[in-house]
Amino acid sequence: MEVTEEERRQVEEQVEKMMSGQGSEVTLCDVGLDQSKPATLRKNVTYIVAAVIFNDKEEVLMVQEAKQDCYKQWYLPAGRMEVGESLVEALMREVKEEAGFECEPITLLLIQEQGPQWIRFIFLARVTGGTLKTLSAGDQESLQASWWDRQSALTLRGRDILRLIECGLKYRRDPWHPAMLPIDMSCRHVVQRFVLVYMNKDEKIWVLVIKAPALHLPTAAAVKTHAVTWAANMVVQEAMPKAYYDHEVNTLGAFSLQHNGRQHGKTDGVCFNTLVALVPDHVQRNEDGEKVEWKGTERPPPVENSRYVWCEVQKKTLKEKLLEMTKNVSILPVHSLY
């Protein structure tokens, strides 16, 4: 099935909407819903927020832990989101409780995940008020807070934060993606919606879409046995099972993120609107396992499931943006820690 010009225009509009950072209500889930349960905070999902905050000297805000298992060690202001909170509200509360400052987020810097059951949202933020928490104000949330020059000796709770701090410095000096904050839209499950693209050697580009009830970008539920971004693999496996093992499914990052969280167990889900590239494995093998020369293809791998169809991008400006984004990733990173 070839799409009509009107259908192509509708698909291109959907892609442009995603690429501009806008959200869209999650009204259906195309794949994986039978393997997923509604997200319920503190029951089957845990969301962590962490703040990377610098002063004018590029010192980073740190807090000294009060918890027994990491007593007196230092870490970024961070903690679990509470029931009924938005991600931004959780961030502001954690920074106030642990460091004494009011803050406002500038952008999401990075998302790390270990499947839908554990997701960490790292924000770059700025101080807007309050005072630095001192030892005399120490409590169960933290002993104190301090600005760290990143050179002085400091006993860290975990070295994982060094990468987050470097990521914050890099963005502060030279932002590589537009500032992005969560969009207030409800979602019941943890899902990945994606612009899944295939590019040939002549830089023609196609987008995989689902036909019914109208042509739309695929949405798949995350399953607890895999990374959140495995949802894209599930769709490719369903759409083109024969071609799946000859291609890599690469989630390049997120255009936007949707979350509401106001109704416990009903809106605790998250929707990741992502860019995914289907890339041929250039190491091909014959039936005897011997390497054979990869000759490239003019078109994307054929769809074997009638639910799906490839739609070639014709709009020149959209095609150029997609090619640029695919080659030089300039969207929010989503890293699996599996």
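Not measured: the values here are computed from a predicted model.
To the nearest 0.5 angstrom, Leu87 atom CG is 11.0 Å from Ile48 atom CD1. Met180 CE to Leu332 CG: the interatomic distance, rounded to the nearest 0.5 Å, is 4.0 Å. Met185 contributes atom CE, which lies 9.5 Å from atom SG of Cys271 (distance to the nearest 0.5 angstrom). Rounded to the nearest 0.5 Å, atoms CZ (Arg299) and CG (Asn200) are 9.5 Å apart.
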(message) Using side chain to side chain contact (heavy atoms under 4.5 Å, CB included), reason through Leu154 and Gln64 one step at a time and then give a plain yes or no.
(response) CA-CA 10 Å; Leu154 204 64; Gln64 193 175 35; over 6 Å; no

(message) What verdict does the side chain to side chain contact (heavy atoms under 4.5 Å, CB included) test give for Phe255 and Thr274, after you've listed the backbone C-alpha separation in whole Å, the side-chain angles of each residue and the deciding distance to 0.1 Å?
(response) CA-CA 6 Å; Phe255 299 118; Thr274 60; 5.8 Å; no

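A salt bridge links Glu58 to Arg173: one of the charged nitrogens lies within less than 4.0 Å of a carboxylate oxygen. By the 4.0 Å N-to-carboxylate-O rule, Lys133 lies close enough to Asp139 to be salt-bridged with it. Ion pairing of Arg8 with Glu312 is absent here, as no side-chain N (NZ or NE/NH1/NH2) approaches a carboxylate O to less than 4.0 Å. Under 4.0 Å is where a charged nitrogen must lie from a carboxylate oxygen, and between Glu238 and Arg307 at least one such pair does. Under 4.0 Å is where a charged nitrogen must lie from a carboxylate oxygen, and between Glu298 and Lys201 at least one such pair does. Salt-bridge formation is detected for the pair Glu6/Arg9: a Lys NZ or Arg NE/NH1/NH2 atom is positioned less than 4.0 Å from an Asp or Glu carboxylate oxygen. Using a cutoff of 4.0 Å between basic side-chain nitrogens and carboxylate oxygens, Arg80 and Glu94 are not scored as salt-bridged. Arg126 and Glu104 are joined by a salt bridge, as a carboxylate oxygen and a charged side-chain nitrogen come within less than 4.0 angstrom of each other. Comment: Glu65 engages Arg157 in a salt bridge, judged by a side-chain N to carboxylate O separation of less than 4.0 angstrom. The pair Arg93-Glu89 does not meet the salt-bridge criterion, since no charged nitrogen lies less than 4.0 angstrom from a carboxylate oxygen.
A cation-pi geometry, defined here as NZ or CZ lying under 6.0 Å from the six-membered ring centre and within 45° of its normal, does not hold between Lys57 and Trp147.
Checking Ser36 against His189 by side-chain atom types alone, a donor-acceptor pair falls below 3.5 Å. Judged purely by distance below 3.5 Å, without hydrogens or angles, the side chains of Asn260 and Thr267 pair a donor atom with an acceptor atom. Checked by atom type, the side-chain pair Thr251/Gln192 shows a donor-acceptor distance below 3.5 Å. Between the side chains of Arg163 and His335, a donor-acceptor pair is found at a separation under 3.5 Å. Counting only N and O atoms by type, the side chains of Gln237 and Asn233 include no donor and acceptor under 3.5 Å apart. Side-chain contact check for Gln258 and Asn273: at least one donor-acceptor pair (N or O, by modelled atom type) lies under 3.5 Å.
Proximity of Leu252 to Phe194: side-chain heavy atoms (C-beta onward) are nowhere separated by under 4.5 Å. Between Thr46 and Arg120 there is no side-chain heavy-atom pair separated by less than 4.5 Å. By the 4.5 Å heavy-atom criterion applied to side chains, Ile111 and Leu257 are counted as neighbours.
By the rule that hydrophobic residues join a cluster once side-chain heavy atoms approach within less than 4.5 Å of another member, Leu162 and Tyr75 end up as members of one cluster. Leu164 is not connected to Phe123 by any chain of hydrophobic side-chain contacts under 4.5 Å among Ile, Leu, Val, Met, Phe, Trp and Tyr, and they are in different clusters. Met92 and Val127 are not part of a single hydrophobic cluster, where members link through side-chain heavy atoms under 4.5 Å apart.
Among the candidates Glu12, Glu13, Glu320, Glu16, the single residue satisfying the side-chain hydrogen bond (donor to acceptor under 3.5 Å, both in side chains) test with Lys315 is Glu16.
Ring geometry for His259 against Tyr47 counts as perpendicular: the plane angle is over 60°, on a 0 to 90° scale with 30° as the lower cut.
The neighbour count for Lys67 NZ, taken as heavy atoms of other residues, nucleotides or ligands under 6.0 Å away, is above 12.
Counting only distance, with no hydrogens or angles, the side chain of Glu102 and the backbone of Thr128 share no donor-acceptor pair below 3.5 Å.
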